[in-house]
Amino acid sequence: MVEQLSEREGDCFLLTPNQSMSWKGNIRIWLAALCLSLLISTGMLLIGAWPVLPFAGLELTALAAAFYYTSRKCQKREVLTFGPDLIRLEKGMTHKENEWEMPRQYTRVWQDMPRHPWTPPKLHLQFRGEEISLAPFLNMDDTEELVAILEKHGLRIQKRRRPEKLWF
């Protein structure tokens, strides 16, 4: 998602992944799966198929780990600020972990074109040989919106096609 924030220094944008469900929603889904699993496991236990219980516990543990991992990945944040002469990019999850400042006139924006039409292009900021990935978690529509914002702020988008990688 691309959200504009107000800041005195210049235009500021918050870039975040789409999060379809809150943490409380994930807990509710997991509790529903737990109830269903307990119901089925109890029935299996009553007919003598007790080895089902450890596998049900393993399944619920794997589901909880998947929910946690996905929710944690959705906490990524990038703040892109356009000042009069500088572009600042800050990345982190719960707090700022990395920060880059680049002069606007010497910063390039690369757009890696995907091989498949349903895949969103990947954006990179480049300054002095360092290439920084810009919001790789955005979907197609949000990536197009970000490209329009970059162009509106005077940055030229250069498209390129990376050499194809093998699937493994």
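Side chains included, hydrogens not; waters and symmetry mates left out as well; all remaining heavy atoms used.
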Could you tell me the separation between the [atom1] atom of [X] and the [atom2] atom of [Y], rounded to the nearest 0.5 Å?
X: Ile132; Y: Leu125; atom1: CD1; atom2: CG; value: 6.0 Å
X: Leu86; Y: Gln105; atom1: CG; atom2: CD; value: 10.0 Å
X: Ile29; Y: Phe67; atom1: CD1; atom2: CZ; value: 6.0 Å
X: Glu131; Y: Trp110; atom1: CD; atom2: CH2; value: 8.0 Å
X: Gln19; Y: Lys73; atom1: CD; atom2: NZ; value: 14.0 Å
X: Asp11; Y: Lys152; atom1: CG; atom2: NZ; value: 5.0 Å

For [X] against [Y], the heavy-atom pair lying closest together:
X: Arg77; Y: Pro17; answer: NH1-CD, 4.4 Å
X: Ala135; Y: Leu146; answer: CB-CD2, 4.3 Å
X: Thr16; Y: Phe137; answer: C-CE1, 3.3 Å
X: Pro114; Y: Thr119; answer: CG-O, 3.0 Å
X: Asp142; Y: Val2; answer: O-CG2, 3.7 Å
X: Phe82; Y: Arg104; answer: CB-NH2, 3.3 Å

* Structure fact -> For Glu78, the side chain to side chain donor-acceptor pair (under 3.5 Å) test, sequence neighbours excluded, returns none

* Should Arg108 and Leu155 be marked as a side-chain contact (heavy atoms from CB on, under 4.5 Å) after you check the CA-CA gap, both sets of side-chain angles, and the distance that decides it? -> CA-CA 7 Å; Arg108 289 177 132 175; Leu155 295 171; over 6 Å; no

Distance-only donor-acceptor hits, side chain of residues 37-59, under 3.5 Å, sequence neighbours excluded:
from: Ser41; atom 1: OG; to: Ser37; atom 2: O; distance (Å): 2.7
from: Thr42; atom 1: OG1; to: Leu38; atom 2: O; distance (Å): 2.6

Are [Y] and [X] co-members of a hydrophobic cluster defined by side-chain heavy atoms under 4.5 Å apart?
X: Trp23; Y: Met93; value: no
X: Leu134; Y: Ile157; value: yes
X: Met1; Y: Leu150; value: no
X: Leu63; Y: Met21; value: yes

Non-hydrogen side-chain atoms of [X] and [Y] separated by less than 4.5 Å:
X: Thr143; Y: Pro121; result: yes
X: Ile149; Y: His153; result: yes
X: Arg88; Y: Leu80; result: no

Counting distance only, does the side-chain N/O of [X] pair as donor-acceptor with the main-chain N or O of [Y] below 3.5 Å?
X: Lys159; Y: Gln111; answer: no
X: Asn98; Y: Lys91; answer: no
X: Trp30; Y: Gly25; answer: no

* Enclosure of Arg160 CZ (heavy-atom neighbours >12, cutoff 6.0 Å) -> yes

* Is a side-chain donor-acceptor pair under 3.5 Å present for Trp100 with Glu130? -> yes

* To do: Mind running side-chain contact (heavy atoms from CB on, under 4.5 Å) on His124 and Asp112 for me, showing each step along the way?
  => CA-CA 8 Å; His124 303 274; Asp112 291 339; 2.9 Å; yes

